[in-house]
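Okay, so here's the structure we're looking at.
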Amino acid sequence: MTFTPTELEVEGAAGGEAGRDGAPAAPPASGRRLARAFLRDRAAVACGVYILLIILMAVAAPLLVKISGYGPLEFDQDAVDPNLGGIPLGAAGGMGADHWFGVEPGNGRDLFARIVYGARVSMLIAISATLLTTFLGVVFGLIAGYFGGRVDMVISRVMEFLMAFPALIFMIAVLSALPAENRQFLLVLVISFFGWPYLARIVRGQTMSLKEREFVEAAKASGATSAQIIFKEILPNLASTIIVMTTLAVPGYVGTEAGLSFLGVGVVPPTPSWGQMIASSVPWYAVDPAYFLIPGAFLFLLVLSFTVLGDRIRRLLGEGMA
Amino acid sequence: MTISDTLLRVRMLTVGFPNIHGPNEVVKSLDFDVARGGALGIVGESGSGKSMTSLAVMGLLPKGAKRTGSIEFDGTELTALPERAMRSVRGDRIAMIFQDPLSSLNPYYTVGTQIMEAYRSHRTGVTRRQARNVAIEAMERVHISDAARRVDHYPHQFSGGMRQRVMIAMTLSMEPELIIADEPTTALDVTVQAQILDLLAEIRADTGAGLILITHDLAVVSEVTDHIVVMRDGDLVEQGPAERIFTDPQEPYTRMLLDAVPRIDDEIGLLRTVSTEEGR
Amino acid sequence: MIPLRFVANRVLGMIIVLFLVCLFTFVIFFVLSPDPAVQICGKNCTPEAIDQIRANLGIDQPFWTQFGTFLAGLFAGRTYGTGPNAIDCAAPCLGYSFQSSQAVTDMIVQRLPVSATVAVGAAVLWLLAGVAGGLLSAVKEGRFADRFIAGLTLTGMSIPNYVLALSLQFLLVVTLGWLPFPQAVAFSDDPFQWFQNFLMPWIVLAIGMAAVYTRLTRANVIETLQENYVRTARAKGLSPGLVWRRHALRPALTPIVTIFGMDFAGLLGGALITETVFGLNGIGKMAADSITKNDQPVIMGVTLLAAFLVVIGNMVVDLLYTAIDPRVRVGSSA
Amino acid sequence: MTGETLLRARNLVKEFTVSGGGLLGRSGRFRAVDDVSLEVAKGETLALVGESGSGKSTTARLIARLIDTTSGTIEFDGREVHALSGKALHAFRSEVQMVFQDPYSSLNPKHTVERIVTAPLAYQRRPIPGGARVFTGALLERVGLNPDHANRFPAQFSGGQAQRIGIARALAVSPKLIIADEAVSALDVSVQAQVINLLRRLQDEEGFSYLFIAHDLAVVRQIATRVAVMNGGRIVESGDRDAVFGAPQHEYTKKLLAAVPRIRPEWDAARRRNEQARREREEAL
């Protein structure tokens, strides 16, 4: 579902598209010019706004819940109909002034509160995993690509080994074996552990081709150390790749976290998570569609927003790159 | 020169990539002729529009390009030809050789297949066997030894010079009346370049085909061609018989170019340059 | 004609990777998981009973012994317990599920047809849709159709498959009633209902991949059309159809064919969710169920199977690539 | 002009391992540089000429210590370069600089001209005399560029200008030897002539030596004091420029010289006469 080698292959292949027609004499993309081009793109702006909104929601979760009146763990038996097996009272899953998004069937927990707190969990895990993955991927990719030889062979073999795993199944296996404490932290670790090779492979490839550029030889001939060459000469040239790959990694991790929680090896109840909410809505989807539609829509839109945003950033940077 | 002596007559040829900023012309109102069996050299530095000129004649301009003017080949107006008719001219009567022989050959097919496919698509009722023999014969004519075996080899199994020979064999198999060679030796070593230039001369002598040689190298055109067009930034700077261009250039740009060419057997001194670049 | 040494190299590499996968998986379950004997024993358990179960399972042995027995079981089969209660587990033995009292290998074999049907159908669907969409997009580059397909692919890549599965089920089955509630029907009994049953799983499993393949195909075709050899082909006066078929499609689609092998082999992960949501009794659902029941031998068996498929897929792709790309197949002689 | 010896390389050999691939693959060895000996005197230009694959670029990189020799010795200004390491190697780096073939590839696209030109000093941990701005401005002027362009990026310059930036960078540490690896082959002919003139002028001003790697014999003849011809990893012939060009001894050198396309000398002579006549006409007016 989230980790397919192909998906990243596409990004790699299309990312190279920009450099196809030689070196244009245009000045390199300036931040301001990029920002202006970005703001002209309505889809990108809409996605950016949605992501900001979700982040805001996650940050301000306790405040929002205070305003709406119900916490994420509060049961409200008055909102469900015990005679009908706990189906929410009222239309559309019990939506109304009291419960803005309705309530969970069965125990009447407030969906709005759970969505808001779920956003917190999703974003926290996805962003932490992205940061950790990016760090690992960039460092190992740079080292393997720059030093080559034996170092590269070892790192490449490890990457191939990790990528040879069907990541989802392996994550499930690992997580199902691990204790339930500190689940969120473990999720980040496990996701990053299986995630970094995809970025590292691309960074490695680009480093290998950058290494052949004569400016690296020029730096070497001037007495630059390996660390100086890697971080001062090569890394700046990887910036746009890293930005694009990172933006495209976030939706993958949002989806992975939700998927793992959906399968019951992710975030442990009662902590809310969107994937877990969708999982628990499965038995109810025919009688209370709002229960899965609301978290489903939030999740889909978040993943879509990040994906579109990553796509647009890639195109912008790709066009602006010399 | 009478009409029947002229193989290709180009008039007011303009190529542009129109965009919001304007017509963006890379070739501007170009006039030149190629005589039957003659060799025309188009010389210019990078960005002079010399390659676009050749693609315009072939009708192979990239997407978004706009071509105006007249290109008359053997009495036929090429710009007015429908695509289907143009295809029967392309490859069959006008053939083209490109700069980088490796990327110009498809890595997935044997050189034999690639020589044959042109022949088979232009000549109806040709069996595979016959086409293969044509391919082998063409490879022999460009002095590829052991052609009967090498016809089944892939491009990556040939050296740079041999690949260019394959490209030439490809054009040869069609017996074209005009060969357009766009920087055919730029990617090659100097000894290989000499061989390829000799080969081109030999083929012209054999078949009587006309040649347009596009290059940045004045020394090369001086050896190969009898008529020269000098281009700069899409403009025609000067044209005339080779000897006249080299002995009595009229335009300052031509003189500057000739001064800038390092000689291997002339006096040594500071290379004469105009200071356009210096201090810019 | 694939060089023998190349094959030998790949096979050796594959064996090493598979061994490491086994070891890795085994370590995880050996070190991390809670004692299965306690679970199996249930309530009213005595320490003696637990010891007995531990002995039967062989988990009273040190790690390397256990691992050795496990590997031996893979190739030669093994026997759990002793005496009349002994249970035989024939090779390739992936372990024995005490929750369902069945050998994991048998459980997998039983469920293979359903999973294979889901996987093959989805693969055909995404390959066809992806390549067709990508070609259309490339032909219409920059035009409305291209932008429309680009929007579709972004959506397809973004929608989590369980959300799509539930939405489809809600829409097509509950609201519109176009499809019946999924039931297990054999193809030979009622082909039409069989098709209706598998339609939604196929779509759900295929959609994300189809989106990715569309983008990949589009990028490859557009890039190939820029190649100098395509210009050469046009300069030879070949018809556009011939230029496309011979000089653009083959180089553009070759990497897609090879990647397809890997993606197909990696399908089990996606099948897990799809089969669970649609209640299809395949390997994926079995794995999902065993997570809930904490049935470790089954989880481990499925993990190994999945890794095995991916490694095999990788190797097939490598060999396939060698066979279709002459640059790899025939070494340079110049 | 030729004085004492600056660089002396003896019996240089460089072998590369050609991987057979995979775990079972057998690896072979390929000898790119085979027993090459050469000398460069102070203030002279030694041109190393050869076709692709002749080993000339590898030789240049061996001498610059960008790669290590398989065997052989390199002596530079009295020091054993092949044995240098650590601090001593660092010091050697400011005495030998390189100018590369592709002007864009040799400049980091993400760095400004100022950063590029001062990088050798920064990597040497040496202070920048007069501050980065002034120093860069002065260097740019010396190579014929506008000193106000110090904050631009490489992509904003033409090929010839970018090559001048590369030359400015080499000059920054005031080296004794500049290795120019096909430094003018990627340039248009008019720009090429300007850069050749610039290289000659700088040598006259500074007195450093060039090791000039090139495949173009006509260019080499314009700039070299001595010439060494390489083929298949070996030097087949070397000597003073006029000796090598005027009376080549080795078969390969003869073949190479014969292959160079040339403008007929009688045409050039005629052109000089015509231009003379034109000038006289113009003066008469």
Side-chain angles (χ1 to χ4, degrees), chain B residues 54-55 57-64 83-110 113-122 150 152-163 166-167 170-171 173-174 176 180 182, chain C residues 1-3 6 137-146 218-258 320-334:
Chain B
S54 66
L55 293 176
V57 172
M58 289 295 281
L60 287 178
L61 287 170
K63 254 189 216 165
E83 175 58 24
R84 179 175 286 275
M86 185 63 214
R87 266 208 313 276
S88 67
V89 173
R90 208 186 279 148
D92 192 1
R93 302 185 63 197
I94 308 179
M96 192 156 176
I97 303 165
F98 298 97
Q99 171 172 353
D100 178 9
L102 179 59
S103 69
S104 296
L105 289 166
N106 192 324
Y108 285 90
Y109 302 99
T110 63
T113 308
Q114 295 186 61
I115 298 173
M116 278 185 266
E117 68 177 354
Y119 191 76
R120 295 188 78 194
S121 74
H122 286 292
R150 302 219 75 185
D152 293 321
H153 282 191
Y154 290 91
H156 72 269
Q157 294 172 284
F158 290 81
S159 67
M162 282 295 162
R163 283 181 204 129
V166 169
M167 284 296 287
M170 203 185 284
T171 62
S173 66
M174 304 307 303
I180 302 178
D182 185 358
Chain C
M1 214 181 52
I2 298 162
F6 179 79
S137 220
V139 174
K140 304 273 179 194
E141 189 189 352
R143 311 255 279 280
F144 174 76
D146 183 26
R218 177 185 183 275
N220 280 357
V221 170
I222 288 174
E223 209 176 298
T224 309
L225 286 175
Q226 308 277 340
E227 293 283 355
N228 283 343
Y229 55 73
V230 171
R231 188 181 59 186
T232 309
R234 292 175 63 209
K236 278 192 274 192
L238 303 187
S239 68
L242 211 54
V243 172
W244 259 85
R245 264 204 321 281
R246 221 180 260 166
H247 293 279
L249 286 192
R250 183 163 170 196
L253 295 185
T254 300
I256 290 168
V257 170
T258 57
L320 206 63
Y321 199 79
T322 321
I324 45 184
D325 192 333
R327 279 166 298 185
V328 186
R329 183 176 66 225
V330 192
S332 171
S333 68

Are side-chain heavy atoms of [X] and [Y] found at a separation under 4.5 Å?
| X | Y | answer |
| --- | --- | --- |
| C/Glu141 | B/Lys63 | yes |
| B/Gln114 | C/Thr232 | no |
| B/Pro107 | C/Tyr229 | yes |

Roughly how far, to the nearest 0.5 Å, is the [atom2] atom of [Y] from the [atom1] atom of [X]?
| X | Y | atom1 | atom2 | result |
| --- | --- | --- | --- | --- |
| B/Glu117 | C/Leu242 | CD | CG | 6.0 Å |
| C/Arg250 | B/Asn106 | CZ | CG | 8.0 Å |
| B/Leu55 | C/Arg231 | CG | CZ | 6.0 Å |

Report which part of [X] has an atom under 4.5 Å of a heavy atom belonging to chain C: side chain, backbone, both, or neither.
| X | answer |
| --- | --- |
| B/Met167 | side chain |
| B/Leu105 | backbone |
| B/Glu83 | neither |
| B/Met170 | side chain |

Donor-acceptor pair, [X] side chain versus [Y] backbone, under 3.5 Å?
| X | Y | answer |
| --- | --- | --- |
| B/Tyr109 | C/Arg246 | yes |
| B/His122 | C/Lys236 | yes |
| B/Ser104 | C/Asn228 | no |

Task: Portion of C/Thr254 that has a non-hydrogen atom of chain B nearer than 4.5 angstrom - done: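 When you check distances to chain B, only side chain atoms of C/Thr254 fall under 4.5 Å.
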
Heavy atoms only: give me the nearest [X]-[Y] pair and the separation to one decimal.
| X | Y | answer |
| --- | --- | --- |
| B/Gly59 | C/Arg234 | O-NH2, 4.4 Å |
| C/Ala235 | B/Arg90 | O-CG, 3.5 Å |
| B/Ser121 | C/Gly237 | OG-O, 4.4 Å |
| B/Arg87 | C/Ser239 | NE-CA, 3.4 Å |

